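The block underneath contains the structure these notes are about, expressed in structure tokens.
In this text, all values refer to a predicted model and were calculated from it rather than measured experimentally. To find a chain, count down the sequence lines: A is the first, B the second, and so on, and within it residues start at 1.
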Amino acid sequence: MRWSKAFIPTLRDDPADAEAASHRLLVRAGFIRQLMAGVYSMLPLGFRVRAKVMGIIREEIEAIGGQEFLLPELHPREIWERTGRLEAMRDILFTLEDSRGGELVLGPTHEEIFTTIAGELTSYRQLPQLWYQIQTKFRDEPRPKAGLLRVREFTMKDSYSFDIDAEGLDRQFDAHFDAYTRIFERLGVPAIPVVASSGAMGGSGSVEFMVASEAGEDDVAHCPSCGYAANVERATARPFPVEDGEPAAAPERFPTPGVRTIADLETFPGGAVAERQIKTLVYMLDGEPTIVLLRGDDALMEQKLQDVTGAVEVRPATGSEIVELLGASPGSLGAVGLQDVRILADEALRGRRNMTTGANLDDHHLRGVDVERDIAVSEWVDVRTVRAGEPCPSCGEPLEVFRAIEAGHIFKLGTKYSEPLGATVLDAEGKAVPIVMGSYGIGVERNMAAVVEVHHDDKGIVWPVSVAPYEAVVTIVKVSDTDSWETGKRIYEELLALGVDAIVDDREERPGVKFNDAELIGFPYRVTVGPRGLADGVVEVTERRSGTSEEVVVAAAAARVADQIAAAKALL
RNA sequence: CGGGCUGUAGCGCAGUUUGGCAGCGCACCUGCUUUGGGAGCAGGGGGUCGCCGGUUCAAAUCCGGCCAGCCCGACCA
């Protein structure tokens with residue numbers, strides 16, 4: 001490609017609205033443009049990177065036996081009703097009507113559609129199957145952000161495995177785990193696998209591949225000592241022990257005028273430190289009021305509450321709902337003596353005595369509460385949020401918590417979709433059994449962004465060779481100089497002949513503009529051709545990552561670059 | 001969905017408080033000079049000031065409504 005003919009609209013200034021490094025740099029270097037919130041156009045450079053990312057993903061999924069499909073974006077609403085996900089995913093579904101009044105869904109994921117096709121599988125002898133596609137997804141995210149990291153329309157590689165039993169699923173899951181590990185290595189994205197919540201996807205287990213980055217939206221609890229890693233939506237820890245002191249014979253009510261929060265009660269005379277309080281929350285789980293009890297210093301992890309109860313809709317109760325249920329207002333709530341209401345208590349409260357909690361009477365609290373004696377707990381659950389520094393659940397060393405980008409997610413679905421959609425095969429005994437499924441997703445554009453988050457410096461992007469829009473740029477310093485022009489064009493042609501993905505900067509711009517653009521865009525190698533070097537018969541080969549340059553005689557330049565690229569690729 | 005902020009040329013912004021010719025830098029076009037790290041001089045083009053309505057002799061500016069975008073939050077009873 002000749003740069004003078006290309007559409008590469010680099011910006012001298014940072015775009016005002018871009019916060020995340022990947023957002024700022026991808027816009028500024030001319031890879032993407034925003035159309036509206038969470039919707040981006042791929043410009044030619046962005047399109048090339050996207051194609052290379054997809055190519056790597058495709059190779060690795062083909063390598064584990066994947067067969068490529070292309071499914072529709074338009075889905076009938078009815079199929080989403082059958083699996084219950086019209087409700088479960090309602091908030092993020094784009095829906096529309098066709099001209100005959102038919103109700104349609106724009107596909108946010110394709111379990112339903114692939115499972116429908118899998119209905120044509122009839123015998124266990126046809127299994128296992130591994131099907132995939134690379135295709136557009138639509139999700140009406142409540143808050144798109146950070147450029148390509150969280151968008152409403154994006155490309156995903158989604159694959160689906162079909163097996164006769166759990167052992168088969170385990171094999172396909174493990175194969176994907178390995179394939180994903182290779183994909184992230186080749187992309188240059190340092191992703192670590194973590195235990196994850198399955199969320200709206202359902203199923204028995206899932207692993208997320210997480211890239212540590214402040215631009216991410218998830219928190220990962222990680223143990224540097226033993227390697228334990230989990231999304232905080234799932235992470236557990238051994239709570240710090242608390243000394244409860246002498247148990248009281250019975251709860252004692254005392255007035256606490258004006259006390260509304262845990263913090264208030266800590267400083268109130270006769271109150272208690274947060275660790276000795278019971279936090280009483282009221283939630284509506286699919287419309288059913290439920291009391292959730294936590295230690296005063298713990299925070300609820302809503303996703304855990306959803307996972308542990310299986311509820312589809314989880315929301316805090318409103319003030320009026322709380323007063324109707326308990327007869328008291330938030331700030332004075334407590335579960336002592338409550339009957340006929342579901343009470344979930346966090347494990348951190350088990351065995352605790354001499355606790356302080358609301359009295360269910362405005363402006364009053366109880367002290368001397370023995371959780372197991374005084375509260376009719378329906379279920380003990382783990383719904384607290386793990387914090388940095390807490391002991392690792394497997395080895396006891398302190399956990400660290402870091403922000404991360406979810407680069408990929410693999411799920412063991414089991415029969416969650418095959419049962420309602422009737423995808424069964426006959427087993428060896430001739431009995432119809434639902435197919436055991438898994439699903440596996442990687443966001444293409446999000447991974448482009450993750451690469452940039454990890455690989456950039458103050459000058460711009462530093463693409464790994466594997467996904468760079470072009471592997472090398474030949475910068476002709478002075479296009480009006482005939483020798484420079486001809487030598488530059490020749491080296492460019494030689495690079496192409498050697499299989500290097502190259503672009504030649506033949507623009508009539510000043511050298512500084514060309515160097516800065518090349519570094520902003522982040523081509524891994526630059527060959528600088530100018531009168532100064534040509535006087536000595538040399539050109540300059542510069543590696544973007546290190547910034548180091550070497551002088552190479554003209555005739556050897558292309559081969560030198562090709563060798564370096566080959567060496568870089570060999571490491572991937 | 002709640003809170004905050006912002007919409008003025010392709011990009012970055014000033015002007016809005018106190019109504020009175022729509023501006024600056026970069027980018028773009030023409031010419032000359034310049035050419036190894038975002039050039040200089042001269043000339044030039046480009047605007048429904050987010051949209052709709054209102055007030056006024058007069059609205060980018062004041063008032064009302066709407067739309068869009070960004071950031072924070074959406075658990076702390």
Strand contacts (RNA chain B) in residues 476-491 of chain A, 4.0 angstrom heavy-atom criterion: A:Val477, A:Lys478
Gap in Å between the two P atoms, one belonging to B:A22 and one to B:U48, rounded: 14 Å
Any residue meeting salt bridge (charged side-chain N to carboxylate O under 4.0 Å, His left out) with A:Glu208, in chain and number order, not counting sequence neighbours: none
Pairs involving residues 281-299 of chain A, ordered by first then second residue, that meet salt bridge (Lys or Arg N to Asp or Glu O under 4.0 Å) (sequence neighbours left out): A:Arg295-A:Asp297, A:Asp297-A:Arg387, A:Asp298-A:Arg384, A:Asp298-A:Arg387
Lys/Arg cation over aromatic A:Tyr470: A:Arg48, 6.0 Å, 45° cone: yes
Pairwise P distance for B:G20 and B:G43, with rounding to whole Å: 29 Å
Sugar-phosphate only, base, or nothing, as touched by A:Ala146 at under 4.0 Å among non-hydrogen atoms: sugar-phosphate
Opposite nucleotide pairing with B:G73, Watson-Crick or G-U, both atom distances under 3.5 Å: B:C1
Under 4.0 angstrom between A:Arg510 side-chain N/O and B:A39 OP1 or OP2: yes
B:G53 to B:C41 separation - P atoms, rounded to the nearest Å: 45 Å
Between B:G45 and B:G4 - P atom distance, rounded Å: 44 Å
Distance-only donor-acceptor test, A:Glu519 side-chain atoms vs B:G37 base atoms, 3.5 Å: yes
A:Gln277: side chain to side chain donor-acceptor pair (under 3.5 Å) partners, not counting sequence neighbours: none
Between B:U61 and B:G15 - P atom distance, rounded Å: 15 Å
Might you list the N or O atoms of the protein lying below 3.5 Å from N or O atoms in nucleotides 73-77 of chain B, with each pair's distance?
residue: B:G73; atom: N7; partner: A:Arg143; partner atom: NH1; Å: 3.3
residue: B:C75; atom: OP1; partner: A:Glu302; partner atom: OE2; Å: 3.2
residue: B:C75; atom: OP2; partner: A:Glu302; partner atom: OE2; Å: 3.2
residue: B:C75; atom: O2; partner: A:Leu300; partner atom: N; Å: 3.1
residue: B:C75; atom: O2; partner: A:Leu300; partner atom: O; Å: 3.2
residue: B:C75; atom: N3; partner: A:Leu300; partner atom: O; Å: 3.0
residue: B:C76; atom: O2; partner: A:Lys279; partner atom: NZ; Å: 2.4
residue: B:A77; atom: OP2; partner: A:Ile262; partner atom: N; Å: 3.2
residue: B:A77; atom: O2'; partner: A:Thr280; partner atom: O; Å: 3.1

Base B:G69 paired with A:Gln34 side chain (donor-acceptor, <3.5 Å): no
Any pair counted as side chain to side chain donor-acceptor pair (under 3.5 Å), so long as it reaches residues 472-484 of chain A, sequence neighbours left out: A:Asp481-A:Ser484, A:Asp483-A:Thr487
Partners passing side chain to side chain donor-acceptor pair (under 3.5 Å) against A:Trp80 (at least two apart in sequence or in another chain): A:His75
Nearest-Å distance once atom P is located in both B:U30 and B:G12: 25 Å
Sugar-phosphate, base or nothing in reach of A:Arg507, heavy atoms under 4.0 Å: nothing
Cation-pi check, A:Arg544 onto A:Tyr525 ring (under 6.0 Å, within 45° of axis): no
Contact under 4.0 Å: A:Arg12 side-chain N or O vs B:C26 OP1/OP2: no
All pairs passing salt bridge (Lys or Arg N to Asp or Glu O under 4.0 Å) where residues 522-542 of chain A contributes a residue, at least two apart: A:Glu519-A:Arg526
Distance-only donor-acceptor hits, side chain of residues 20-34 of chain A, under 3.5 Å, sequence neighbours excluded:
residue: A:Ser22; atom: OG; partner: A:Glu453; partner atom: OE2; Å: 2.7
residue: A:His23; atom: ND1; partner: A:Gly147; partner atom: N; Å: 3.4
residue: A:His23; atom: NE2; partner: A:Tyr40; partner atom: OH; Å: 3.2
residue: A:Arg28; atom: NE; partner: A:Leu11; partner atom: O; Å: 2.9
residue: A:Arg28; atom: NE; partner: A:Arg12; partner atom: O; Å: 3.4
residue: A:Arg28; atom: NH1; partner: A:Asp14; partner atom: OD1; Å: 3.3
residue: A:Arg28; atom: NH2; partner: A:Arg12; partner atom: O; Å: 3.0
residue: A:Arg33; atom: NH1; partner: A:Val27; partner atom: O; Å: 2.7
residue: A:Arg33; atom: NH2; partner: A:Pro9; partner atom: O; Å: 2.8
residue: A:Gln34; atom: NE2; partner: A:Met36; partner atom: O; Å: 3.2

